[in-house]
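First the structure, in the form of structure tokens, and then the observations on it.
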Amino acid sequence: MTNKKNWPLWEVFIRSKNGLSHKHAGSLHAADAEMAIENARDVYTRRSEGVSIWVVESRYITASSPNQAESLFDPADDKVYRHPTFYNLPDEVKHI
Amino acid sequence: MDPKQKALAEQFQARIDADEKIEPKDWMPDAYRKTLIRQISQHAHSEVVGMLPEGNWVTRAPSLRRKVALLAKIQDEAGHGLYLYGAAETLGIDREELLEELHTGKAKYSSIFNYPSLSWADMGAIGWLVDGAAIMNQVMLTRTSYGPYARAMVRICKEESFHQRQGYEILLTLCRGTEAQKQMAQDSLNRWWWPSLMMFGPSDEASTHTQQSMDWRIKRKTNDELRQQFVDATVPQADFLGLTVPDPDLKWNEARGHYDFGEIDWAEFWNVVKGNGPCNRQRMQARIKAHEEGAWVREAAMAYAEKRQKRQEERKAAVA
Ligand SMILES: [Fe+2]
Ligand SMILES: [Fe+2]
């Protein structure tokens, strides 16, 4: 029991097939990146759920704070003109 | 409670009532966090300890087909344990603490795994009944209010249905076999039926956590509701096998639209929960042994990773 240091936590992102983005699948512990990829394969792709894996140590992720979610996101709330339905065109105009 | 805490608590409950999911960094009452850590870790431990009674039969599986299926099932259970430990860790407890709580007996796991697996038919009964009961509970939990727990449950439920089917197929084969094989299947059902009903936990009147867990939408059905659902689904499956459910009080109640069934032996239930089941000690010994014997591997892997990292940094420094 000399080295009491535990394996760090990694976040796992899986691309389920080419053409789709990587998506967060979950987390796991591993000693290094290589082992994290191997463990991710065993834990998250046992039924061919992936064609590509990204892993990143959890401590390197910077997340927005839920307490500031409102001030962070509400600038988008009053900008209806960013949506196509804001613009009035007559029905006769097609393919637009 | 100070007014600020009270306002936060009210906001929290309003989010729950609106069926919003709670995510790791969101504010949550301490008791909600504690309840989740207890329940998710207990669930994770059950997946892990649950591998032991099945591991007992891997080398004695009657064919290669049965053996690969059983191995794949057991490997899935290890995965389930990992998803759940991961979900628990998002609440601010670490893996080492979770395992410590299991090994010291502070944390519980499902009592069903304290019963011995005595015959090959038990691999059938465990898949059919034990995984079947777990599925009832887990399908409900895909809608639980804590996001990471709900997501783990979705993955788990996708994987579980093969577990139950492979178990039922084992029993079906035995029941279509010789008289002795059918007898073995019946004996297995006789031993696993009642402990499987106990998996849903104490009755609603005796359950101390149910109401709060329902209010927080951690649970969405009570123990007794799930138990009834399990009995209703499972009895026709036993009939199809031609096996007799070991309960003289079991009968279809036309008026209720459900099966009536006999009283669970709650003394046995609490006795096993308190650690006096047939295999409690054995299971914990096996877990602790595996954990301790794996310590050098974990340490060596960490030391190797650190050494490699250091070397890489030295190389970078030399180039610079
Ligand atoms: Fe499982
Ligand atoms: Fe299972």
Side-chain angles (χ1 to χ4, degrees), chain A residues 1-17 21-50 53-74 77, chain B residues 8 11-12 15 20-28 71-73 75-90 92 94-100 147-149 151-152 154-156 158-159 162 292 294-310 312:
Chain A
M1 313 286 116
T2 43
N3 186 353
K4 241 338 235 174
K5 220 172 143 208
N6 295 321
W7 293 356
L9 191 66
W10 300 74
E11 300 302 322
V12 178
F13 300 83
I14 309 258
R15 184 202 295 288
S16 57
K17 62 177 192 192
S21 308
H22 287 75
K23 197 173 148 212
H24 186 238
S27 52
L28 49 75
H29 289 271
D32 59 21
E34 214 175 292
M35 187 195 277
I37 294 224
E38 278 164 17
N39 289 357
R41 180 207 52 195
D42 291 344
V43 177
Y44 294 108
T45 65
R46 283 196 303 287
R47 289 173 178 79
S48 317
E49 292 98 331
I53 300 174
W54 287 350
V55 293
V56 60
E57 238 188 282
S58 310
R59 65 189 168 115
Y60 292 124
I61 289 183
T62 306
S64 64
S65 154
N67 304 328
Q68 276 140 33
E70 233 169 276
S71 57
L72 191 61
F73 297 113
D74 74 4
D77 287 350
Chain B
L8 283 169
Q11 263 171 34
F12 175 83
R15 291 184 62 196
E20 265 186 59
K21 297 286 182 212
I22 306 303
E23 294 294 342
K25 297 219 158 107
D26 295 349
W27 186 90
M28 60 186 85
L71 270 172
K73 176 189 189 295
Q75 191 187 15
D76 275 354
E77 306 301 3
H80 298 175
L82 280 166
Y83 310 152
L84 287 160
Y85 283 130
E89 283 172 277
T90 63
D94 66 45
R95 181 77 58 88
E96 207 58 26
E97 285 174 81
L98 292 167
L99 294 178
E100 179 82 15
Y149 194 21
R151 291 192 285 276
V154 170
R155 294 189 63 85
I156 288 178
K158 273 188 205 152
E159 300 180 353
F162 122 67
E292 285 176 354
W296 74 270
V297 178
R298 295 191 295 275
E299 286 165 21
M302 197 66 237
Y304 174 68
E306 283 174 340
K307 193 168 130 190
R308 265 216 321 195
Q309 166 112 38
K310 212 172 120 208
Q312 232 170 39

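Computation of the quantities below employed the complete heavy-atom set of this structure, encompassing side-chain atoms and omitting hydrogens, waters and symmetry-equivalent molecules. The structure displayed is predicted, hence computed values, not measured ones.
- Contacts between Asp76(B) and chain A at a heavy-atom distance below 4.5 Å involve backbone atoms as well as side-chain atoms.
- Residues of residues 39-50 of chain A lying under 4.5 angstrom from chain B, judged on non-hydrogen atoms, are Val43(A), Tyr44(A), Arg46(A), Arg47(A), Glu49(A) in numerical order.
- Counting all heavy atoms, side chain and backbone alike, Met302(B) lies closest to Asn6(A) at SD-O, 3.9 Å.
- Here CD of Glu34(A) is found 6.5 Å from OH of Tyr304(B). Values are rounded to the nearest 0.5 Å.
- When heavy atoms are compared at a cutoff of 4.5 Å, Ala33(A) does not approach chain B at all.
- With a threshold of 4.5 angstrom between heavy atoms, Arg151(B) does not approach chain A through any atom at all.
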Quick one: side chains of residues 24-31 of chain A, donor-acceptor pairs under 3.5 Å with protein atoms, not counting sequence neighbours, listed by atom name and distance.
{"from": "His24(A)", "atom 1": "NE2", "to": "Glu11(A)", "atom 2": "OE1", "distance (Å)": "2.7"}
{"from": "His24(A)", "atom 1": "NE2", "to": "Gly26(A)", "atom 2": "O", "distance (Å)": "3.3"}
{"from": "His29(A)", "atom 1": "ND1", "to": "Trp7(A)", "atom 2": "O", "distance (Å)": "2.9"}
{"from": "His29(A)", "atom 1": "NE2", "to": "Glu89(B)", "atom 2": "OE1", "distance (Å)": "3.3"}
{"from": "His29(A)", "atom 1": "NE2", "to": "Glu89(B)", "atom 2": "OE2", "distance (Å)": "2.5"}

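- For Leu8(B), the side-chain contact (heavy atoms from CB on, under 4.5 Å) partners at least two apart in sequence or on another chain are Gln5(B), Gln11(B), Trp27(B).
- Residues of residues 53-62 of chain A having a heavy atom under 4.5 Å from any heavy atom of chain B: none.
- Using a 4.5 Å heavy-atom cutoff, the side chains of Arg308(B) and Asp32(A) are in contact.
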